[in-house]
There are 2 protein chains.
Amino acid sequence: MESAPATRSLGSAGHTPAQTRVIEAALALFAEHGISGTSLQMIADAIGVTKAAVYHQYNTKDAIVVAVAEVVLTGLESAVTAAEAERRRTRSREVLVDGMIELAVEQRHVAGILQQDPVMLRFLREHEPFRRVIERVNRVLMGGACDPRATVLAAAISGAIAGAVTHPLVAELDDASLYLQLRRHVGRLLPRQ
Amino acid sequence: MESAPATRSLGSAGHTPAQTRVIEAALALFAEHGISGTSLQMIADAIGVTKAAVYHQYNTKDAIVVAVAEVVLTGLESAVTAAEAERRRTRSREVLVDGMIELAVEQRHVAGILQQDPVMLRFLREHEPFRRVIERVNRVLMGGACDPRATVLAAAISGAIAGAVTHPLVAELDDASLYLQLRRHVGRLLPRQ
DNA sequence: GTCTATAAATCGATAGAC
DNA sequence: GTCTATCGATTTATAGAC
């Protein structure tokens with residue numbers, strides 16, 4: 001029997017096979033060329049269909065970007081939900097950081113686009129469901145404080161994780177080593193509990 | 001009297017006023033919309049001239065990207081040159097990290113595009129003078145080692161700095177606080193000397 | 001150094017057949 | 001669900017006058 005599905009504020013479920021093909025092709029191309037640098041023609045070519053077929057699934061390019069964002073953010077939402085279930089704030093942050101590292105390593109080839117692409121950042125700011133997830137993540141990372149020290153710490157943690165897994169230096173490192181070393185280094189960033 | 005100009009492998013000197021206007025406008029637009037998301041028309045509009053006038057200064061868009069990269073990388077090259085002058089490896093890394101933080105805070109609104117934009121990353125890989133600077137930075141950050149621990153550490157330091165200064169959380173923080181807090185947090189990342 | 005004008009290709013997006 | 005065909009706007013880039 002399945003475990004009860006976590007309450008989702010992001011509707012990433014219910015994709016037809018054709019939609020899934022679009023999302024996966026777009027994800028790979030966005031990561032390599034950026035969102036602005038990816039045309040619908042490139043997505044269509046990658047799938048092996050025409051532009052019109054892509055438009056039948058998502059009738060604007062923005063809709064594709066939102067669908068891609070939902071897929072990537074779903075994991076982050078689960079991680080922050082698990083973290084928020086912890087009672088102690090320091091423990092909560094540890095759980096979230098560990099989840100973020102695991103996700104970032106899993107999705108290392110696409111992690112960059114979510115956190116750095118200007119088009120994606122615009123959606124993260126303006127699309128309400130996305131902003132809520134980001135705000136929950138930041139709140140946990142800041143550990144209840146809101147002073148400059150906590151703010152920069154949260155930014156540095158996010159940046160270190162996203163920046164490290166997408167850094168050219170670690171391109172040839174295996175997932176397990178990257179995960180272990182990243183846990184170790186980012187762990188040093190966290191204040192002693 | 002002026003101090004002797006540091007040996008430059010990046011030819012960022014010798015810009016005409018018109019070229020400087022192009023570079024500065026491009027820098028701001030690249031940072032906001034990404035490189036692919038910035039057209040020559042947008043650059044021309046920002047300066048207040050026509051596209052043809054822009055093309056008279058740089059006859060391809062790629063040439064503008066290279067010129068922008070040179071300007072931004074010049075600071076990094078000075079920082080790594082200063083760091084390499086130190087005798088002890090741990091001290092060398094400290095000097096470089098401090099220089100990188102200073103540069104990143106100064107250029108916080110454009111720092112992201114250099115380290116994360118897919119088009120810029122392609123130039124950093126393929127343009128030989130750029131790659132040499134990046135390699136020198138990485139060598140100092142890794143402190144003489146080349147194991148997974150040192151590799152991920154170097155990636156995490158770069159990522160933490162670039163990621164932190166461009167993070168939306170710190171957008172409203174003043175430069176001085178950002179610099180101080182970032183030094184503190186990234187300092188914890190460095191192994192005890 | 002800047003302009004007008006234009007070329008050739010590609011962009012996102014739509015209509016309608018199958 | 002995919003196709004052909006097309007639209008209008010925009011893209012990079014060039015030619016030639018001032």
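Both backbone and side-chain heavy atoms feed into the values below; hydrogens, waters and symmetry mates do not. Quick note on labels: first sequence line is chain A, next is B, and so on, each numbered from 1.
When the P atom of D:dT12 is taken as reference, atom CD1 of B:Ile64 falls 9 Å away, rounded to whole Å. If you take OH of A:Tyr58 and C1' of D:dG1, they are 14 Å apart, rounded to a whole angstrom. Distance CG (B:Leu40) to C1' (C:dT2): 16 Å, rounded to an integer number of Å. Distance, A:Lys51 NZ to D:dA5 P: 14 Å, rounded to whole Å. Distance, B:Gln41 CD to C:dC11 P: 18 Å, rounded to whole Å. Distance A:Tyr55 OH to D:dC3 C1': 16 Å, rounded to the nearest Å. When the C1' atom of C:dC3 is taken as reference, atom CD1 of B:Ile47 falls 15 Å away, rounded to whole Å. Distance, A:Gln57 CD to C:dA13 P: 15 Å, rounded to whole Å.
Considering only side-chain atoms of A:Val49, the nucleotide from C:dT2, D:dC3, D:dA13 that sits closest is D:dC3.
Considering only side-chain N and O atoms, B:Thr16 lies under 4.0 angstrom from the phosphate OP1 or OP2 of C:dG1. Residue A:Thr50 places none of its side-chain N or O atoms closer than 4.0 Å to OP1 or OP2 of D:dT2.
Backbone-only contact: A:Ser39 has heavy atoms under 4.0 Å from sugar-phosphate atoms and none from a base. Residue-level contact check: A:Thr38 touches the backbone only, with heavy atoms under 4.0 Å from sugar-phosphate atoms and none from bases.
Proximity of a side-chain donor or acceptor of B:His185 to a complementary backbone N or O of A:Arg149 within less than 3.5 Å is detected.
With a 6.0 Å radius and a threshold of 12 heavy atoms from other residues, nucleotides or ligands, A:Glu172 has its CD atom at or below the threshold.
Put simply, OG1 on A:Thr151 and CG on A:Leu141 are 11.0 Å apart, with the number rounded to the nearest 0.5 Å.
Side-chain contact check for B:Arg122 versus B:Pro118: every heavy-atom pair is 4.5 Å or farther apart.
If you find the closest nucleotide of DNA chain C to B:Gln19 and to A:Ala52, the one lying nearer the 5' end belongs to B:Gln19.
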